[in-house]
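A quick write-up on the structure given underneath.
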Amino acid sequence: MKCKLLISMWVVSLLAALAMPVRLAAQEQKPVHYYSPRYTVVDLGPVGPSSSPGQPYAVSGNGLVSGETVLANPNNPGEWVAHAVLWEQENIKDISSPGLGGPNSAAFGVNIWGQAVGQADTQTPDPNGEDFCGSTALGLTHSGNTCVPFLWQNGTMAALPRLRNSAGTEGSNGAAFKNNDFGMVVGTAENGEVDSTCPGASISPQRIEFKPVIWSKQFPWSEVLIQEFPTVDGDPDGAAIAINDLGQVAGASGPCGPFSPIEPINLIPLHAVLWQNGKATDLGNLGGDGKFLGIFATGLNDYGQVVGGSDTTNDASFHGFLWQQGHITDLKPRAVDSYSVALAIGNNGLVLGASIDANFIPTAVLWRNGGTPTDMNTLVPADSTLSLETACYINDKGEITGFATLKSNLSESHAYLAKPVVNSGDRD
């Protein structure tokens, strides 16, 4: 979801196998609610121009932040390229080079072992002339090459496999959106089949079906395996956007459409989906049919609580939602705003996202117990140099990462990490 230290993978895979038998017991627990009323803010630095900024996407349990920065293209003046990066406190590490040989990349997820996942351009021309990762829509240099999911670890970026069709042809493109602490990776991958629902070249160059998938290893010494998830109501396309440490997965399905900077894929998301044990559950909606901004899940915690966004009745607006135990709750925007979206939920039950005004200017907010949203800017020191616009991800320490602008120059975009100030009186 686009929102404005190292160990080998075989050890992680082994831990995943050992964790499997306790999943059901863990799911039966109820979340303990610990809330911090105040945060200190670490400015992670600028992430690119206001016309096409990068952003942070996730923060691991030990404080690593994954994301992208947008820089001037050194080979083509006037153009921009995105680089996958990791932050450790204020220190930034560009992991895009040597990468997979193309100009653009983004790191959407990172775990406690320093394994980062995302998408990256390659040096291979796209045989179908697609722009799967949306370089053109995002104002970046479009190489005309394929864009594939990757796993980065120990300084090396490796492409993850895509799905194959009945003839054995592998799909050309894909993206890895999140990984958990047990080495499981989720995302989307093409399957080599022509997608009859794509709107056509005048609207989108996308031509091939893409499915929600998970990547894992059966044994530590095995190759990476890819598994396709089912979609809802026969939807031809979909994406797995988030995964928790129990292996539950959340995302969306629907038909092919124009590239969306929100998801970010060529999907019209008509269904928010939870996948458990290979079965897809439609989470419902807030009354809309998905024709405004769509219906999709963006995050979930280890208790199976899922958050996302949904069109409201008659597609009149768009609100965040919280789904738990079969019930969906409307997470309304602030009274002064028109729209909202929920982007993540912590194991403490705290929901974070953005409240958006009529001009589509966001403000980072938190929801407690599904109630009225709280502006995060009221929870940080008044002398902070940043105006927090989105709250994208939260770890088990309650640390939050997101997108911000400088108060002194609203056209300058920065990444931030907000750390809770915990006092004895903060416990609920």
Side-chain angles (χ1 to χ4, degrees), residues 1-4 33-50 53-59 63 65 67 87 89-90 262 298-299 307 309 317-320 322 330-346 348-395 397-423 425-426 428:
M1 170 64 64
K2 188 172 180 68
C3 71
K4 282 204 165 228
H33 297 285
Y34 292 94
Y35 299 127
S36 172
R38 305 295 300 177
Y39 295 84
T40 60
V41 178
V42 178
D43 185 348
L44 300 179
V47 290
S50 59
Q55 68 172 73
Y57 290 103
V59 56
V65 177
W87 286 273
Q89 298 301 321
E90 293 95 335
I262 299 176
T298 56
V307 297
S317 186
F318 183 85
H319 288 181
L322 167 64
D330 188 340
L331 299 177
K332 295 180 173 62
R334 300 182 304 163
V336 295
D337 292 329
S338 302
Y339 315 100
S340 63
V341 61
L343 299 174
I345 180 171
N348 59 5
L350 187 65
V351 180
L352 49 152
S355 184
I356 307 163
D357 71 14
N359 297 314
F360 287 91
I361 297 174
T363 298
V365 295
L366 307 176
W367 289 272
R368 296 183 176 94
N369 299 319
T372 302
T374 300
D375 182 348
M376 270 198 72
N377 293 282
T378 66
L379 305 178
V380 303
D383 61 356
S384 171
T385 60
L386 299 178
S387 177
L388 311 185
E389 294 196 351
T390 65
C392 297
Y393 203 83
I394 184 171
N395 65 13
K397 294 179 180 179
E399 297 172 330
I400 295 170
T401 191
F403 177 86
T405 54
L406 278 182
K407 290 180 179 177
S408 61
N409 181 6
L410 296 180
S411 65
E412 185 169 330
S413 305
H414 284 226
Y416 73 86
L417 180 64
K419 298 183 177 184
V421 179
V422 178
N423 300 308
D426 294 339
D428 180 2

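The first residue in the sequence is number 1, and the count goes up from there.
- Heavy atoms only, all atoms of each residue included: Val59 and Glu399 are closest at CG1-O, 3.7 Å.
- A donor-acceptor contact shorter than 3.5 Å is absent between the side chain of Ser338 and the backbone of Ser317.
- With rounding to the nearest 0.5 angstrom, the OG1 atom of Thr40 is 12.0 Å from the CG atom of Leu379.
- In this structure, the side chain of Asp357 engages the main chain of Asn359 through a donor-acceptor pair within 3.5 Å.
- Rounded to the nearest 0.5 Å, atoms CG (Leu388) and OH (Tyr416) are 4.5 Å apart.
- Here the side chains of Lys332 and Pro373 are not in contact, with every heavy-atom distance at 4.5 Å or above.
- Here Phe403 contributes atom CZ and Ser413 contributes atom OG; the two are 3.5 Å apart, rounded to the nearest 0.5 Å.
- Side-chain atoms of Asp337 never come within 3.5 Å of backbone atoms of Tyr339 as a donor-acceptor pair (strictly under, hydrogens ignored).
- Residues Trp367 and Ser340 form a side-chain contact, since some pair of their non-hydrogen atoms from C-beta on lies under 4.5 Å apart.
- The CD1 atom of Ile345 sits 12.0 Å away from the CG atom of Leu366 when rounded to the nearest 0.5 Å.
- Counting all heavy atoms, side chain and backbone alike, Thr401 lies closest to Ala58 at CG2-C, 3.9 Å.
- Closest non-hydrogen pair, Pro420 versus Lys397, comes out as CG-O, 3.3 Å.
- With values rounded to the nearest 0.5 angstrom, Thr372 atom OG1 is found 12.0 Å from Arg334 atom CZ.
- When all heavy atoms are compared, the tightest approach of Pro381 to Tyr39 is CD-O, 3.1 Å.
- Evaluated for a side chain to side chain contact (heavy atoms under 4.5 Å, CB included) with His414, the options Val47, Asp43, Leu44 yield exactly one hit, Asp43.
- Screening Leu410, Ile361, Leu386 for a side chain to side chain contact (heavy atoms under 4.5 Å, CB included) with Thr405, the sole residue that qualifies is Leu410.
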Audit row: Ile400, Met376, side chain to side chain contact (heavy atoms under 4.5 Å, CB included) steps and yes/no:
CA-CA 10 Å; Ile400 295 170; Met376 270 198 72; 4.2 Å; yes

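- Asn377 and Asp375 are linked by a side-chain donor-acceptor pair at a separation below 3.5 angstrom, with hydrogens and angles left out of the test.
- In terms of heavy atoms, Lys407 sits closest to Ser384 at NZ-O, 2.9 Å.
- The nearest pair of heavy atoms linking Val307 to Ala342 is CB-CB, 3.8 Å.
- Interatomic distance, Leu417 CG to Gln89 CD, rounded to the nearest 0.5 Å: 6.5 Å.
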